2 protein chains.
Amino acid sequence: MRHDSRLSRMLHVLIHMDRHEGAATSETIAAMLNTNPVVVRRTMAGLRDKGYVRSEKGHGGGWTLGRPLSEMTLLDIYEAVGQPAVFAVGPACDQPACLVEQAVNAALSEAFEEAEKLLLSRFGKVTLADIARDFDARMARYPESAARAGAGWHT
Amino acid sequence: MRHDSRLSRMLHVLIHMDRHEGAATSETIAAMLNTNPVVVRRTMAGLRDKGYVRSEKGHGGGWTLGRPLSEMTLLDIYEAVGQPAVFAVGPACDQPACLVEQAVNAALSEAFEEAEKLLLSRFGKVTLADIARDFDARMARYPESAARAGAGWHT
DNA sequence: TTCATTCGCAACAACATAAGTTACAAATCT
DNA sequence: AGATTTGTAACTTATGTTGTTGCGAATGAA
């Protein structure tokens with residue numbers, strides 16, 4: 001099963017937007033993510049609905065941040081992109097009549113729910129500003145990449 | 001993304017096999033899982049390779065347990081079915097040149113790895129005998145289902 | 001006003017993967 | 001020999017993410 005990369009992509013975009021003056025068009029963002037402007041609009045729509053970004057039509061329009069990175073957590077963005085299923089494995093049947101299967105589902109659910117709880121709780125504690133800070137640290141460590149990274153919109 | 005149900009199915013089958021005398025054919029198992037004999041053989045092949053089950057061809061052949069349920073953990077079976085990807089969400093790119101994306105991947109990986117570690121560690125602590133015991137408890141609580149559940153091969 | 005720019009959205013195609021199916025060979029037992 | 005049963009390859013189906021096309025609506029500039 002190919003995994004869902006929307007969360008990763010949106011985090012990437014948001015941090016770039018924070019480091020960039022003015023609005024970014026879907027076209028620009030798509031080039032950065034190696035994808036299509038329509039995919040960008042589709043995915044960013046969820047973030048717009050929650051107020052994390054704003055969009056403007058027409059000349060000079062595009063996408064801008066709706067609030068500072070310090071006020072967005074991984075959990076916020078995860079939810080804004082549609083709370084995709086966390087796990088790629090799950091039960092064969094949701095309401096099995098078979099008691100064996102019920103016991104199996106119970107054992108699996110318990111483990112999965114615990115792991116999901118941990119994951120989301122951790123997501124809730126990490127802000128995009130934290131990631132941006134890590135980016136700054138990486139840029140300081142690798143000055144040869146810094147030129148590219150600091151030059152605005154890029155890969 | 002539809003999830004992978006192989007782990008769930010194999011746990012289900014193994015416990016039924018434990019409660020059943022003699023070999024079970026792929027046909028019988030497939031009927032129980034509402035699937036196809038070939039899917040059963042394909043999935044059980046992994047368990048056979050690890051010795052959790054044995055298969056015999058020809059008359060009176062079929063599948064039997066290779067060791068007691070108390071000596072199989074959820075982790076064992078998870079690995080035997082091919083260690084499917086645990087998570088349905090992941091990075092857009094595995095080796096990004098972009099330092100922002102690297103920072104994003106690092107933040108996500110850290111959270112995912114921690115959750116996966118917890119999940120697999122928990123899997124390692126649960127034996128199939130534990131699940132079978134839970135099944136016994138459920139059967140005691142719901143005697144009306146017990147007749148069906150105890151009658152050998154069923155759904 | 002007219003025109004270029006840009007988002008919004010519906011509809012459809014491409015692609016990946018789990019699951020289901022068909023067909024046949026090989027092994028085993030009666 | 002013949003029936004049963006697994007082993008496996010090849011193909012099809014189903015589902016979900018991603019990619020693409022097309023067109024409408026809004027915005028700003030000339």
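Per chain, numbering begins at 1; letters A, B, ... match sequence-line order. Quantities reported herein were computed from a predicted structural model and do not represent experimental measurements.
- Using a 4.5 Å heavy-atom threshold, the side chains of B/Trp63 and B/Arg41 count as touching.
- In this structure, A/Arg54 reaches neither bases nor backbone, as no heavy-atom distance under 4.0 Å exists between it and the strands shown.
- Nearest-nucleotide mapping onto DNA chain D: of B/Val38 and B/Glu27, the residue sitting toward the 5' end is B/Glu27.
- Atom pair B/His59:NE2 and D/dT4:C1' shows a separation of 5 Å (rounding to whole Å applied).
- In this structure the side chain of B/Glu71 never reaches within 4.5 angstrom of the side chain of B/Thr127, judged on heavy atoms.
- Taking every heavy atom of both residues into account, B/Arg19 and B/Asp136 meet most closely at NH1-OD1, 2.8 Å.
- Between A/Thr25 and C/dT5 there is no side-chain N or O to OP1 or OP2 distance below 4.0 Å.
- An OP1 or OP2 oxygen of C/dC9 is reached within less than 4.0 angstrom by a side-chain nitrogen or oxygen of A/Arg48.
- When rounded to the nearest whole Å, the span between CG of B/Asn34 and C1' of D/dA14 equals 17 Å.
- Rounded to an integer number of Å, the gap from A/Met10 CE to D/dT17 P is 15 Å.
- Protein atom CG of A/Asn36 is 13 Å distant from nucleotide atom C1' of C/dC7, rounded to whole Å.
- Rounded to whole Å, the distance from CG on A/Leu33 to C1' on D/dT20 is 17 Å.
- OP1 or OP2 of D/dG19 sits under 4.0 Å from a side-chain N or O of A/Arg9.
- In this structure, A/Arg41 atom CZ and D/dA26 atom C1' are separated by 13 Å, rounded to whole Å.
- Panel note: side chain B/Thr25, backbone B/Gly62; no donor-acceptor pair is recorded below 3.5 Å.
- Side-chain N/O atoms of B/Arg42 and base N/O atoms of C/dG20 include a donor-acceptor pair closer than 3.5 Å.
- Checking the phosphate oxygens (OP1, OP2) of C/dA19, a side-chain nitrogen or oxygen of B/Ser5 falls inside 4.0 Å.
- Counting to the nearest Å, the P atom of D/dT8 and the CE atom of B/Met44 are 14 Å from each other.
- Atom CE in B/Met17 sits 9.5 Å away from atom CE in B/Met10 (nearest 0.5 Å).
- Of the side-chain N and O atoms in A/Ser55, none sit less than 4.0 angstrom from OP1 or OP2 of C/dT6.
- Atom pair A/Ile29:CD1 and C/dC7:P shows a separation of 8 Å (rounding to whole Å applied).
- In this structure, A/Ala45 and B/Gly58 both approach DNA chain C, and ranking their closest nucleotides by distance from the 5' end singles out A/Ala45.
- The side chain of B/Thr35 contributes no N or O atom lying less than 4.0 Å from OP1 or OP2 of C/dA19.
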